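None of these values were measured; they are calculated from a predicted model.
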Amino acid sequence: DTTVKQNPRYKLARVGKPVNLICSQTMNHDTMYWYQKKPNQAPKLLLFYYDKILNREADTFEKFQSSRPNNSFCSLYIGSAGLEYSAMYLCASRPGTGGDTGQLYFGEGSKLTVL
Amino acid sequence: GEQVEQRPPHLSVREGDSAVITCTYTDPNSYYFFWYKQEPGASLQLLMKVFSSTEINEGQGFTVLLNKKDKRLSLNLTAAHPGDSAAYFCAVRHSNNRIFFGDGTQLVVKP
């Protein structure tokens with residue numbers, strides 16, 4: 001099973017409220033990524049976990065947090081949502097070891113709308 | 001940081017025509033390259049991958065060309081059919097595990 005699951009698929013949030021998005025995979029992949037995707041733009045790398053080590057991109061460092069309680073799960077947390085956070089959030093994973101080339105396995109995304 | 005530029009943003013062709021999508025990147029540390037396809041309402045799926053400056057044909061009617069000297073990656077479709085209509089994204093991987101994407105190309109193949 002090469003499925004990456006994301007929940008919720010759709011999230012409506014008020015400005016200033018927190019948002020928590022969840023991603024899971026059962027492929028025992030070491031590395032999990034979060035991307036932000038807005039219409040007509042490239043998926044923007046926010047952060048990724050290699051095993052238990054979190055790497056956050058410098059330009060979004062303070063905007064997003066994440067946790068990975070075990071190998072299968074990874075969350076994306078927004079402490080105080082702003083209108084600019086409205087986007088599709090894509091989770092992806094890859095093996096990270098064993099000849100891994102970097103191919104990503106994507107979930108279907110969580111669409112966040114902030115009002 | 002890495003800049004990945006993808007062109008064109010939109011491409012409309014007739015069934016049987018060829019189509020070419022091109023990406024350029026800036027970071028010489030990029031060393032694995034990918035093309036993803038996204039159909040409406042679905043997740044991004046790997047279409048093809050390339051690691052060296054060689055031509056690879058995965059047998060789906062697509063060919064990938066990589067020119068590391070020019071930092072250019074292209075996806076060539078030799079004979080489009082309506083089922084190829086989708087969004088296509090190039091991606092480049094760095095040695096530090098970061099993977100960056102182009103803006104995407106919306107391909108429409110008309111019967």
Practice item. Quick one: closest heavy-atom pair of B:Val20 and B:Ser74, and the distance? Key: CG1-CB, 4.4 Å
Check your understanding: With respect to chain B, which residue among A:Glu108, A:Lys44, A:Met88, A:Gln41 yields the maximal number of heavy-atom pairs within a distance under 4.5 Å?
Key -> A:Gln41
Practice item. Evaluate the side-chain proximity of A:Arg94 to B:Asn97: yes if any heavy-atom separation is below 4.5 Å, no if none is. Key: yes
Practice item. First locate atom OG1 of B:Thr22, then atom CZ of B:Arg72, and finally report the distance between them rounded to the nearest 0.5 Å. Key: 6.0 Å
Review point. With a 4.5 Å heavy-atom cut-off, do A:Leu46 and A:Tyr89 have their side chains touching?
Key: yes
Point to revise | Side chain / backbone / both / neither for B:Tyr31 at chain A, heavy atoms under 4.5 Å | key: neither
Review point. What part of A:Leu90 lies closer than 4.5 angstrom to a heavy atom of chain B: side chain, backbone, both or neither?
Key: side chain
